[in-house]
Amino acid sequence: MNHLKKLLTRPLANVSTGLVIAALVVALLGFADATYLTVEHYQGVIPPCTTGGCEIVLTSAFSTVMGIPVALLGSIYYLLICIGLFAYLDTRKTAILRTTMFLPCLGFIGSLWFIYLQAFVIKSYCQYCLVSAGISTLLTIVTVFIMIRYHDRPTSFNENI
Amino acid sequence: MNIKRIIFWIAFIVVLGLIVWGLIVAMNKPVTKQPRLGTPAEVVATDHVRGPVNAPVTLIEYSDFQCPACKAYYTVVEQLFASSTNLRVVYRNFPLYPLPHPNSVIAAQAAEAAGNQGKFWEMHDLLFSNQLTWAELSKEKAIDTFKEYATTLKLDISKYNTDFNSLVVKAKIEASRTEGESLGIGGTPTFFVNGTAIVSPQGYEPFKKIIDEAAR
């Protein structure tokens, strides 16, 4: 537990710009995916029913949380990640990057919950939701990689090498 | 904040705006490409038909009582039928069973059983109007709910029960789905206007336009 706390709180250094840009591109794809479903929701468009059952997922009771469409929450989630990553690229302040990187971890937990709902409760899958879960997972992997690979090593540690 | 950073952020906001704008434009663009599907079988006596026999336009719908999109189009087709004397509407079962619609076949059985007593369309209306009530129920509870609808329609319940469970009714539903599959139907609702598959129009007005053009 203590190791996890250290991993989550230790400062970052020399984070690869290419990796952050790649994460930003992936987050933009997630934003497009979630926004597509959000627009569809507010336009009142119900996609045709197919054996895949996407419409079942999108019209189920789980498609909204307290009246707010889950798709909209997804759009906001990806938008915040995009803004955070972009702000880091602009300012190079690692505190912004570290704060932003908590979001994919929360999103990953959310994705696991929605995949569970699709598989065991709604018993239908929506490809757009699965794409979002995949993107969220990818962002989480990048996040964990950055946290492990690019932490700011303390001087004493360096001296011991 | 220097100019370079301002441009940097403006570019970012523009990219986000373009994504949203592009999605909205793409989604509002009407899909006009006709689906490549076969020609449905001729309308026969066992079909469920509304409207004049000699109507210039025959609208055949392959539908599923548990499908939310079919429920949405139910309202549109009702409006079309009410506003046109040129239209004959045919309903054919295409239940997406067992998934994603586990109650679709029993709903079709209820409609067919009602149809055997001359009240197919009345049951059809009740099933679509109350779709949210029974769609998520267990099979047993949904069957009980359909029996309540049969009672509301003043059907002979004994005959309704017999027909509901009859192999003839089940075979008719299966045959309808098989025919739909042979046409290449992949989802519901799928509409055919005078034998040609159409892209389901978004709403009443574009649908009315298609019907009016076919009637000319």
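Letters go in sequence order (proteins before strands), and every chain restarts at 1. Only a predicted model underlies this, so the values are computations on that prediction, with no experimental measurement involved.
A salt bridge is absent between B:D212 and B:R216: the closest approach of a Lys/Arg side-chain nitrogen to an acidic carboxylate oxygen does not fall below 4.0 angstrom.
Classification of the B:F128-B:H124 ring pair by plane angle, with boundaries at 30° and 60°, yields perpendicular. Relative ring orientation between B:F65 and B:Y91 is described as parallel, the plane-to-plane angle staying below 30° on a 0-90° scale split at 30° and 60°.
For the pair B:N116 (side chain) and B:D163 (backbone), a donor-acceptor distance under 3.5 Å is absent.
Within the structure, the salt bridge (charged side-chain N to carboxylate O under 4.0 Å, His left out) test picks out no pair touching residues 124-134 of chain A (sequence neighbours left out). Residue pairs meeting the salt bridge (charged side-chain N to carboxylate O under 4.0 Å, His left out) criterion with at least one partner in residues 59-80 of chain B, sequence neighbours excluded, are B:R50-B:E78.
Proximity to chain B among residues 23-38 of chain A is limited to A:L24, A:L28, A:F31, A:A32, A:T35, A:Y36, judged by heavy-atom separations below 4.5 angstrom. Residues of residues 75-84 of chain A lying under 4.5 angstrom from chain B, judged on non-hydrogen atoms, are A:L79, A:C82, A:I83 by number.
Under the 4.5 Å side-chain criterion, counting only non-hydrogen atoms from C-beta, A:L19 is in contact with A:F145.
Using a 4.5 Å cut-off between heavy atoms, B:I13 makes no contact with chain A at all.
Distance CZ/B:F94 to OG1/B:T188: 7.5 Å, rounded to 0.5 Å. In this structure, NZ in B:K139 is found 6.5 Å from CD1 in B:I106, a value given to the nearest 0.5 Å.
Heavy-atom contacts from other residues, nucleotides or ligands closer than 6.0 Å to CD of B:E179 number more than 12.
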